[in-house]
Amino acid sequence: MTTPKGEATKARILEAATDLLVTENDINLDDVMRVTRTSKGQVFHYFPGGKEQLRRAAAERHLARLSQADEPVTLRTWDDWEAWTGLILRRHAQQTLDDACEVAALAGRALDVDKVSRELAGRMYEQWSTELCDQFRTMQGDGLLRADAPLDDLASAVLAAFQGGAVLDKATGSHEHLARALRQALVLMRTYAA
């Protein structure tokens, strides 16, 4: 049985590994130990499988953080979508200052050599797509989107704009690609306004 102090140490190790996975796209046990002020024995006590077990747990934690970050959002009106876009761009700008973009890092999980990490990323994308489609379905039911609006296509377009724009910004050091991509996704969505 793990003590509360042990649980706190394990959580600290996992959060540090997750942060490194987001900023560096990989983890180094020496960096994890330095950041958390833990020993190799402690790391292996909580993650007996070593780097690979910690890396997989960090990938899962990364996806959980992404999921939790966007959970409370309700996108039922055009104003909601505009506000959400502003929120995403502000959050992205702040993360970019820290050289960390959770969404851009997700692309790394999608290309991971570890099949389990890739599958986790795929499930995250599918979950986002389903949630976006549900938001569109609600807007359609409220009479804001036409009955012929291709909800799955719109969800994929928003998701691709969000992910692709974040990756381009990370690669180029810009803030503009994500903003442009999300603006164009909104333009596309509005072509189906009722």
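Only this structure's heavy atoms are used, side chains among them; waters, hydrogens and symmetry mates stay out.
- Hydrophobic clustering, with ILVMFWY side chains joined whenever heavy atoms are under 4.5 angstrom apart, keeps Val35 apart from Met33.
- Residues that satisfy the side chain to side chain contact (heavy atoms under 4.5 Å, CB included) test with Glu7, not counting sequence neighbours, are Thr2.
- Atoms CG and CZ, on Leu20 and Arg55 in that order, are 12.0 Å from each other to the nearest 0.5 Å.
- At distances below 3.5 Å, not a single donor-acceptor pair connects side-chain atoms of Arg61 with backbone N or O atoms of Ala57.
- Listed by chain and residue number, nothing satisfies the salt bridge (Lys or Arg N to Asp or Glu O under 4.0 Å) test with Arg12 (two or more places apart in sequence, or in another chain).
- A distance-only check finds a donor-acceptor pair linking the side chain of Gln42 to the backbone of Ser39 [under 3.5 Å].
- Between Ser174 and Glu176, the shortest heavy-atom contact is OG-N, 2.8 Å.
- Ser129 places no side-chain N or O within donor-acceptor distance of the main-chain N or O of Tyr125, the cut-off being under 3.5 Å.
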Show every donor-acceptor pair shorter than 3.5 Å between a side-chain atom in residues 142-162 and any protein atom, with sequence neighbours excluded, or say none if there are none.
unit_1: Asp142; atom_1: OD2; unit_2: Arg76; atom_2: NH2; d: 2.9
unit_1: Arg146; atom_1: NE; unit_2: Asp148; atom_2: OD1; d: 2.8
unit_1: Arg146; atom_1: NH1; unit_2: Thr191; atom_2: O; d: 2.8
unit_1: Arg146; atom_1: NH2; unit_2: Asp148; atom_2: OD1; d: 3.4
unit_1: Arg146; atom_1: NH2; unit_2: Asp148; atom_2: OD2; d: 3.2
unit_1: Ser156; atom_1: OG; unit_2: Asp152; atom_2: O; d: 3.2

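- Closest approach of Gln53 and Tyr46 over heavy atoms only: NE2-O, 4.5 Å.
- Note that the CD1 atom of Ile88 and the CH2 atom of Trp84 stand 5.0 Å from one another [nearest 0.5 Å].
- Residues Leu168 and Leu178 do not share a hydrophobic cluster, clusters being chains of Ile/Leu/Val/Met/Phe/Trp/Tyr side chains in contact below 4.5 Å.
- Looking at residues two or more places apart in sequence or on another chain, you find a salt bridge (Lys or Arg N to Asp or Glu O under 4.0 Å) between Lys51 and Asp26.
- In terms of heavy-atom proximity, Ala181 sits nearest to Gly165 at CB-CA, 4.5 Å.
- Residues satisfying the side chain to side chain donor-acceptor pair (under 3.5 Å) criterion with Thr38, sequence neighbours excluded, are Thr36.
- Side chains of Glu131 and Gln135: no donor on one and acceptor on the other come within 3.5 Å.
- Between Leu188 atom CG and Gln184 atom CD the span is 9.0 Å, to the nearest 0.5 Å.
- Applying the salt bridge (Lys or Arg N to Asp or Glu O under 4.0 Å) rule to Arg190 yields the partners Glu82; only residues at least two apart in sequence or on another chain are considered.
- Checked by atom type and distance alone, the side chain of Asp80 pairs as donor or acceptor with a backbone atom of Thr77 at under 3.5 Å.
- Atoms CG and CG, from Leu89 and Leu182 in turn, are 5.5 Å apart once rounded to the nearest 0.5 Å.
- Taking the ring centroids of Trp78 and Trp81, they lie at or beyond the 6.0 Å cut-off.
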*Yes or no on side-chain contact (heavy atoms from CB on, under 4.5 Å) for Lys10 and Phe47, after CA distance, side-chain angles and deciding distance?*
CA-CA 8 Å; Lys10 181 178 181 180; Phe47 299 94; 4.0 Å; yes
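- Atom CG of residue Asn28 and atom CG of residue Leu54 lie 11.0 Å apart, to the nearest 0.5 angstrom.
- Distance check: Arg90 CZ to Thr85 OG1 gives 10.0 Å after rounding to the nearest 0.5 Å.
- When side chains are defined from C-beta on, Tyr192 does not count as touching Gln140, because their heavy atoms never get closer than 4.5 Å.
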